[in-house]
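This report concerns only the one structure given below.
Chain identifiers are assigned alphabetically (A, B, ...) following the order of the sequence lines, protein sequences preceding nucleic acid strands; residue numbering begins at 1 within each chain.
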2 protein chains.
Amino acid sequence: MIKSMGLAGSIAMPADFTPLYRQVMEEIRAKISSGEWPPGHRLPSTRDLAVQYDISPGTVREGVNRLLEAGDLRGHQGLGVFVAERPPPPV
Amino acid sequence: MIKSMGLAGSIAMPADFTPLYRQVMEEIRAKISSGEWPPGHRLPSTRDLAVQYDISPGTVREGVNRLLEAGDLRGHQGLGVFVAERPPPPV
DNA sequence: CTGGATTTGTACGTATGTATT
DNA sequence: CAATACATACGTACAAATCCA
């Protein structure tokens with residue numbers, strides 16, 4: 001689950017803070033690794049993910065963009081974002 | 001050089017259109033490859049690059065973010081963005 | 001065939017927080 | 001303390017592609 005922690009206006013930021021967009025990446029990668037979202041699976045729309053996580057669409061997009069760049073996901077305009085058929089090559 | 005081509009309001013979009021943020025990535029990678037920006041070199045600030053390219057800071061950031069993720073660049077808050085000392089591992 | 005709805009992709013803008021000089 | 005610069009988060013707008021009634 002993604003917790004925004006109410007950063008704005010908070011007194012102190014925890015040392016182990018993980019940015020929301022990175023939490024999004026972790027959530028998605030976890031679902032892929034666990035098999036909940038197998039290769040070819042279509043993800044919920046950006047807007048739906050934003051509603052689910054209670055964060056802005058732009059922040060979801062930020063995380064998804066990096067997974068697209070990394071090769072974990074494949075995006076198709078008008079269709080959706082899908083789990084890559086072949087996992088990205090390890091570093 | 002980055003040319004925005006005046007997308008908004010244009011009659012037709014060229015088939016070989018490359019997004020502005022990708023042109024930014026190419027420009028930066030070209031300067032790194034050519035040796036103009038060697039490892040450890042500090043890049044101009046995001047704002048300065050935006051002025052140079054005549055695009056918005058957010059779009060520069062979009063390209064820089066992906067190069068940071070890919071390992072080509074290293075960012076340091078309050079300091080700037082630097083060419084990575086060691087090039088990212090090839091895919 | 002046409003038009004609307006949906007969804008990704010791109011671009012821009014604003015605000016705030018954090019780190020360094 | 002002030003200025004600079006990156007990092008994050010949110011928001012808006014429009015274009016392009018797809019699907020479907």
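Rounded to whole Å, the distance from CZ on B:Phe82 to P on C:dA19 is 16 Å. Computed from coordinates, the A:Arg74 CZ to D:dT18 C1' distance equals 20 Å when rounded to whole Å. A straight line from CD of B:Glu62 to P of D:dT8 spans 13 Å, rounded to a whole angstrom. At whole-Å resolution of the value, CG in A:Leu49 and P in C:dT8 are 8 Å apart. Counting to the nearest Å, the P atom of C:dT16 and the CG atom of A:Leu20 are 17 Å from each other. Look at CZ on A:Arg61: it is 12 Å from P on C:dA11, rounded to the nearest Å. Computed from coordinates, the A:Ile55 CD1 to D:dC10 P distance equals 6 Å when rounded to whole Å. Distance CZ (B:Phe17) to P (D:dA16): 9 Å, rounded to an integer number of Å.
The residue among B:Leu43 and A:Val60 whose nearest nucleotide of DNA chain D is located toward the 5' end is B:Leu43.
Counting non-hydrogen atoms under 4.0 angstrom, B:Leu68 reaches the backbone sugars and phosphates but no base. Within 4.0 Å (heavy atoms only), B:Gly75 reaches sugar-phosphate atoms of the nucleic acid but no base atom.
The side chain to side chain contact (heavy atoms under 4.5 Å, CB included) test applied to B:Pro44 returns B:Trp37, B:Asp48, B:Leu49, B:Gln52, not counting sequence neighbours. Partners of A:Arg47 by side-chain hydrogen bond (donor to acceptor under 3.5 Å, both in side chains), not counting sequence neighbours: none found.
Among pairs with a residue in residues 55-67 of chain A, those fulfilling salt bridge (charged side-chain N to carboxylate O under 4.0 Å, His left out) read A:Glu62-A:Arg66, A:Arg66-B:Glu69, at least two apart in sequence or across chains. For residues 71-90 of chain A, every residue pair satisfying the side-chain hydrogen bond (donor to acceptor under 3.5 Å, both in side chains) rule, not counting sequence neighbours, is listed here: A:Arg29-A:Asp72.
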Please enumerate all protein N or O atoms sitting under 3.5 Å from an N or O of nucleotides 4-7 of chain C, with distances to 0.1 Å.
residue: C:dT7; atom: O2; partner: A:Gly78; partner atom: N; Å: 3.3

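Across every non-hydrogen atom of B:Ala84 and B:Gly71, the tightest pair is CB-O, 3.2 Å.
Using a 4.5 Å cut-off between side-chain heavy atoms of Ile, Leu, Val, Met, Phe, Trp and Tyr, B:Leu79 falls into a hydrophobic cluster with B:Phe82.
Residue A:Thr59 places at least one side-chain N or O under 4.0 Å from the OP1 or OP2 atom of D:dC10. At C:dA11, none of the side-chain N or O atoms of B:Tyr21 fall inside 4.0 Å of OP1 or OP2 (strictly under the cut-off).
Taking the charged nitrogens against the carboxylate oxygens, A:Glu26 and A:Arg22 have no contact shorter than 4.0 Å, which rules out a salt bridge.
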